[in-house]
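Down below is the structure, laid out as structure tokens.
Protein chains get the first letters and strands the later ones, always in sequence-line order, with residue 1 at the start of each. Keep in mind the model is a prediction, meaning the values are calculated, not measured.
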2 protein chains.
Amino acid sequence: MADKREHILVVAEELFAEKGFDGTSVRDIAQQAGVNLAMISYYFGSKEKLLESLLEFRAGYAYGILEELNQDQSLSPWDKIDRLVDFYVDRILNNLRFHNIMYQESSTRSEEIRIKAKDIKLRNLEQISKIITDGQQKGLFRQVDIPLTVGTIMGTISSYTLSKFYTCAILALNEDVDDELYRLRLSPRLKAHLKQLLRAHLDIHNDSLPPNRLKGL
Amino acid sequence: MADKREHILVVAEELFAEKGFDGTSVRDIAQQAGVNLAMISYYFGSKEKLLESLLEFRAGYAYGILEELNQDQSLSPWDKIDRLVDFYVDRILNNLRFHNIMYQESSTRSEEIRIKAKDIKLRNLEQISKIITDGQQKGLFRQVDIPLTVGTIMGTISSYTLSKFYTCAILALNEDVDDELYRLRLSPRLKAHLKQLLRAHLDIHNDSLPPNRLKGL
DNA sequence: ATTAATCAATTAAACGTTTGTTTAATTCAA
DNA sequence: TTGAATTAAACAAACGTTTAATTGATTAAT
């Protein structure tokens, strides 16, 4: 075992996402990670600080990708939106555990954790904002509420990753389908929907749309 | 106290939403509700069955409203979409507690609870589906992924109701703002965003949009 | 009308687990 | 030999649930 500390974090991540923070005992984590119970206090200080460490451990990754995507001059804003959707769907579906902790569990915890989670989200929002404002400056995107648009992306995905039961019903899958097939079905559908949605939402040509609403009547 | 059972449910709802299911003890509920600890087992059987009772207690309301909205012949599909957005934003913001339980907490619980939560969601989806397919049949709405569109509505709202810390940062509000002002700021912004979003997303005129994407380049 | 019986409502206390954390001893490598 | 890593054991506190006793109002018998 290369890094025991990191291994504990990965195991804790899985368990937290599966059973919730309060629903997971330190003994669960220790046993699943194959380490002594006392090692968790020894490494992290407490269960709450373990969660804090987990946030730090995972925080950097998404930001790096977004930054890179942002600086890529060869991609049009539309391409970047598509890539953004692909990235987030893939990332969330492949890191369901961490995502659930980050977006639901952390909001009921200590102030330090809530602040940390907030800051991570704000940093990511900043990067996505740049992509959208760039598209606006280039005359491709219309005026939209950017933070809420980001909320729409994350929220749409989350609404289908929080409850496997409901999602399986929608996808016409058996409830105990294996994770591989589950992702395989959900991923393209989420991506297609979000791209179609954002295309219409962001397109500059739709700026004159609101008054047209009554056309069809 | 008219109905003690119901009073316990309301108190439990508040506490669950605030501190999570596992984070709330039966003693917390009993104390806050002003009843003896044993009354909760006496009334509901167990803590889990209390949550189950809570779901049943709250489930009926939304469905009734949606059904009514659906059957209203005087409203156009576009009007119904607007009303739908208004309803859900208001309802979720005014029942933050129950919504958080229903959409996050219930997914990590017993099978019975997960099934119950799933069924409630499916029933509501059914009603919203009718509104959208009606708009499609009337030639107003284009072809969209209806269940995912519903996920977008719920998810967008949820993404801003799960973490008050983050939301306050976005709204440029102090973190300990009172709930009244908090809702007053968040509600119109969510409604405006969702209506603008759905207008573009659903409009039949956008069916020919995808190939136009490259226009701006 | 008074008493007796019945049963649900309510209570305080205790149940056995499980919780997060700490201690104090031991291992092991530097 | 020093100090970090690791261990088993113990800690008190909190957990969900149960018990057994008591209350209080309603019903049946006297």
- Task: Starting at atom CD1 of B/I29, determine the distance to atom C1' of D/dC15, rounded to an integer number of angstrom.
- Result: 12 Å
- Task: Check the distance between D/dG24's C1' and B/K4's NZ and give it to me in whole angstrom.
- Result: 12 Å
- CZ of A/F44 versus P of D/dA5: gap in Å, rounded? 13 Å
- Message: List the residues meeting side chain to side chain donor-acceptor pair (under 3.5 Å) with A/N94, not counting sequence neighbours, and say none if there are none.
- Response: A/R183
- Query: Got a donor-acceptor contact below 3.5 angstrom from the A/R109 side chain to the A/R114 backbone?
  - Reply: no
- Item | Pair B/T156, B/H193: side-chain N/O donor-acceptor within cut-off below 3.5 Å | no
- Item | B/E175 with B/K164: basic N within carboxylate O range, under 4.0 Å | no
- Query: When the ring planes of B/F141 and B/W78 are compared, do they come out parallel, tilted or perpendicular, using 30° and 60° as the limits?
  - Reply: perpendicular
- Item | Spacing of B/H7 atom NE2 relative to C/dA9 atom C1', expressed in whole Å | 17 Å
- Task: Can you label the angle between the A/F87 ring and the A/Y61 ring as parallel, tilted or perpendicular, going by 30° and 60°?
- Result: tilted
- Task: Do nucleotides 16-30 of chain C as a string where each nucleotide becomes B, S or -: B if the base has a protein heavy atom under 4.0 Å, S if just the sugar-phosphate does, - if no protein is that close.
- Result: ---BBBBB-------
- Message: Less than 4.0 angstrom between a side-chain N/O of A/Y43 and OP1 or OP2 of D/dT6, yes or no?
- Response: yes
